[in-house]
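First up is the structure itself, then whatever we jot down about it.
Start at 1 with the first residue, then count along the sequence.
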Amino acid sequence: MKKTALIMAGGRGERFWPKSRKNLPKQFLSLTDDGKTMIQLTVERISPMVELEDIYISTNKDYKQLVLEQLPGIPEENILCEPVGRNTAPCIGLGAMHIAKKYDDAVMMVLPSDHLIKYNKMFLGVLRDGCELAEKGENLVTIGITPDYPETGYGYIKFNPDDSDGHAYAVERFVEKPSLEVAKEYLETEEYLWNSGMFIWKVSTILADIRKFLPDTYEGLKKIQDAIGTEEQDVVLEKVFPEFESVSIDYGIMEKAENIYILPGTFGWDDVGSWLAVGRIRKSNENGNVVDGNIITINSRNNIIQGGRKLIATVGIEDLIIVDTEDATLICAKNSAADIKKVLENLKICNRDEYI
């Protein structure tokens, strides 16, 4: 069966401010030592399995030109520009309708554009197992990450260890981000995986479930599909899509559907959620500093320092994040990285949009 992919690339990446901005969000930045952007790495990663003409990018119209520049091999008609953000269920439904318009049916992989994977061959092996399971029936397949510490920032998925085909396990339930104590309990049971937000299914399967559980969204998506390839395509999309309920695929479909299976992943996954991830994915020097740019460090340890041509010199500092751009500089304690979004909230209140 034909293999296709939908890469979701509409996020703002606010926790990577000040490098990530509304006109150049995280997925279009290079955060690794190889110089490739996150969305380029995502496409490159799946290229052994999916042809470029069968890769779809879901984003918003503000980022269409960035996609064209960074992914020149992707057909322009495969760049799906949402008029407004409506969470992942309408996003995935729109991608499924476009694929269904092109093919009778196909396997559809859904992947975020801002994850990093260390072991690509192992990741491809999991994807192949997922495609095989999706083809067998009306199965919804998700990829879970084997947890190695009690993370409170991720959702978890409970699986049945006694219901397995050798690769995948039957899913019992999706659970929200837990407290630290609950996360420790999850880890001890060895029956929970981190929710990665990656999915595999046949287009016909996911559209049938959208029709069943989100009927109003399905009817709107059908109107959009009927207009694909016509002069009315953009007009219909602009009119219908904003009317959709904003709902995640987890809440709208996965928590209600049957035949859900999960494949455990141990392929060096990182969701690159904040500047702290740079400390995990880039090499540090002998003092534990991860630096990029014109940097001098003296008696400074365990810092993340990102700059440009301007010299940044640090003396006697520890556990800080320093990010310098042309018009803004961030200085943040590592243990306050989650509060970087509050800077943006303050900028919005003060109408200082030029820094957002």
Under a 3.5 Å cutoff, is there a donor and acceptor pairing between the side chains of Arg173 and Tyr156? no

Approximate separation, where rounding is to 0.5 Å, of Asp129 CG and Leu133 CG: 9.0 Å

State whether the side chain of Gln27 and the backbone N or O of Ser113 hold a donor-acceptor pair below 3.5 Å, judged by distance alone. no

State whether Lys64 and Glu76 are salt-bridged, where the test is any N-O pair (Lys NZ or Arg NE/NH1/NH2 against Asp/Glu carboxylate O) under 4.0 Å. yes

Anything under 3.5 Å between a donor and an acceptor, one on a side chain of residues 333-356, the other on a protein residue two or more places apart or in another chain? List them.
unit_1 : atom_1 : unit_2 : atom_2 : d
Lys334 : NZ     : Asn302 : O      : 2.8
Lys348 : NZ     : Glu14  : OE2    : 3.3

Flag yes if Leu111 and Phe28 sit in one hydrophobic cluster, no otherwise; membership is Ile, Leu, Val, Met, Phe, Trp, Tyr, and two members link when side-chain heavy atoms are under 4.5 Å apart. yes

Hey, do the aromatic rings of Tyr149 and Trp194 have their centres closer than 6.0 Å? yes

Does any part of the side chain of Ser20, heavy atoms only, come nearer than 4.5 Å to the side chain of Leu29, both counted from C-beta? yes

Whether the side chain of Thr230 engages the backbone of Ala227 through a donor-acceptor N/O pair (distance < 3.5 Å, no angle test) should be reported. yes

Applying side-chain hydrogen bond (donor to acceptor under 3.5 Å, both in side chains), run through Ser248 and Asn87 and close with a yes or a no. CA-CA 5 Å; Ser248 70; Asn87 217 316; 4.9 Å; no

Please list, one pair per line, the donor and acceptor atoms closer than 3.5 Å that link side chains of residues 231-246 to other protein atoms, with sequence neighbours excluded.
unit_1 : atom_1 : unit_2 : atom_2 : d
Gln233 : OE1    : Gly229 : N      : 2.7

Do the side chain of Asn285 and the main chain of Asn289 share a donor and acceptor less than 3.5 angstrom apart? yes

Nearest non-hydrogen partners of Pro264 and His167, listed with the distance: CD-O, 3.5 Å

Would you mind checking if Glu151 and Lys177 are paired as a salt bridge, meaning a charged N to carboxylate O distance below 4.0 Å? no

Walk me through it: do Met49 and Cys131 pass the test side chain to side chain contact (heavy atoms under 4.5 Å, CB included)? CA-CA 10 Å; Met49 287 184 66; Cys131 290; 3.9 Å; yes

I'd like to know if the side chain of Asn23 pairs up with that of Tyr63 as donor and acceptor (distance under 3.5 Å, no hydrogens or angles considered). no

Would you sort out whether Leu187 and Tyr192 count as a side chain to side chain contact (heavy atoms under 4.5 Å, CB included), showing the intermediate values? CA-CA 7 Å; Leu187 207 63; Tyr192 288 83; over 6 Å; no

Donor + acceptor pair across side chains of Thr59, Glu82 (<3.5 Å): no

Using 30° and 60° as the class limits, which term best fits the ring planes of Phe16 and Trp275: parallel, tilted or perpendicular? tilted

Output all residues satisfying ring pair (Phe, Tyr, Trp, His ring centres under 6.0 Å) with Trp17, sequence neighbours left out; order by chain, then residue number. none

Considering non-hydrogen atoms only, spot the tightest contact between Pro90 and Leu221 and give its length. O-CD2, 4.2 Å

Residue pair Glu191, Lys158: steps toward the salt bridge (charged side-chain N to carboxylate O under 4.0 Å, His left out) verdict: CA-CA 6 Å; Glu191 295 178 5; Lys158 170 75 166 63; 2.9 Å; yes

Would Ile305 and Asp292 count as a side chain to side chain contact (heavy atoms under 4.5 Å, CB included) here? Give the steps. CA-CA 6 Å; Ile305 309 171; Asp292 183 21; over 6 Å; no

State the CD-CD distance between Glu258 and Glu138, to the nearest 0.5 angstrom. 12.0 Å

Asp34 and Thr32 side chains, donor-acceptor separation under 3.5 Å: yes

Do Ile249 and Met8 belong together in a cluster built from hydrophobic side chains that touch within less than 4.5 Å? yes

Quick one: pull up CD1 in Ile262 and CD1 in Ile145 and give me the separation to the nearest 0.5 Å. 8.5 Å

Taking the side chain from Asn294 and the backbone from Arg309, do they hold a donor-acceptor pair closer than 3.5 Å? yes

Count the heavy atoms of every other residue, nucleotide or ligand shown that sit under 6.0 Å from OH of Tyr251, and state whether that count exceeds 12. no

Rounded to the nearest 0.5 Å, what's the gap from CD on Glu190 to CZ on Phe159? Could you check? 8.0 Å

Only distances under 3.5 Å count here; give the side-chain donor-acceptor pairs of residues 115-125 to other protein atoms, sequence neighbours excluded, each with its distance to 0.1 Å.
unit_1 : atom_1 : unit_2 : atom_2 : d
His115 : ND1    : Trp269 : NE1    : 3.0
Asn120 : OD1    : Arg45  : NE     : 3.4

Can you tell me if Thr4 uses its side chain to pair, donor with acceptor, with the backbone of Val107 under 3.5 Å? yes

Taking all non-hydrogen atoms of both residues, which atom of Ile253 and which atom of Leu140 are closest, and how far apart? CG2-CD1, 4.1 Å

What do the steps show when you test Glu44 against Lys36 for side chain to side chain contact (heavy atoms under 4.5 Å, CB included), and what is the final call? CA-CA 10 Å; Glu44 181 181 277; Lys36 296 176 182 176; 2.6 Å; yes

Tyr169 and Tyr261 aromatic centres sub-6.0 Å: no

Does one side chain, of Arg301 or Asn287, offer a donor that lies under 3.5 Å from an acceptor on the other? yes

Please indicate whether Glu176 has more than 12 foreign heavy atoms, meaning atoms of other residues, nucleotides or ligands, lying under 6.0 Å from its CD. no

Atom CZ of Arg15 and atom SG of Cys332: how far apart are they, to the nearest 0.5 Å? 12.5 Å

Tell me whether Ile224 shares a hydrophobic cluster with Ile57, the cluster being built from Ile, Leu, Val, Met, Phe, Trp, Tyr side chains joined at under 4.5 Å. no

State whether Arg280 and Asp270 are salt-bridged, where the test is any N-O pair (Lys NZ or Arg NE/NH1/NH2 against Asp/Glu carboxylate O) under 4.0 Å. yes

Enumerate, atom names and distances included, each donor-acceptor pair closer than 3.5 Å involving a side-chain atom of residues 91-104, sequence neighbours excluded.
unit_1 : atom_1 : unit_2 : atom_2 : d
Lys101 : NZ     : Gln225 : O      : 3.1
Lys102 : NZ     : Glu53  : O      : 3.0
Lys102 : NZ     : Asp54  : OD1    : 3.4
Tyr103 : OH     : Asp54  : OD1    : 2.5

Any donor-acceptor N/O pair, Asn160 side chain to Ala170 backbone, under 3.5 Å: no

Could you measure the distance from the CD1 atom of Ile200 to the NZ atom of Lys3? Nearest 0.5 Å is fine. 10.0 Å

Please check: side-chain N/O of Asn195 versus main-chain N/O of Gly197, any donor-acceptor pairing under 3.5 Å? yes

What is the minimum heavy-atom distance between Ala89 and Leu214, and which atoms define it? CB-CD1, 3.9 Å

Cluster check Tyr154, Phe199: I/L/V/M/F/W/Y, side chain < 4.5 angstrom: no

Examine distances only and state if a side-chain atom of Ser196 and a backbone atom of Ile143 form a donor-acceptor pair shorter than 3.5 Å. yes

Are Phe213 and Trp201 linked, directly or through intermediate hydrophobic residues, by side-chain heavy-atom contacts shorter than 4.5 Å (ILVMFWY only)? yes

Scan the side chains in residues 314-330 for donor-acceptor partners under 3.5 Å anywhere in the protein, sequence neighbours excluded, and list what turns up.
unit_1 : atom_1 : unit_2 : atom_2 : d
Thr314 : OG1    : Ser300 : OG     : 3.0
Asp324 : OD1    : Thr329 : OG1    : 2.5
Asp324 : OD2    : Lys310 : NZ     : 3.4
Thr325 : OG1    : Asp327 : OD1    : 3.3
Thr325 : OG1    : Ala328 : N      : 3.2
Thr325 : OG1    : Ala328 : O      : 2.9
Asp327 : OD1    : Arg21  : NH2    : 2.7
Asp327 : OD2    : Arg21  : NH1    : 3.3

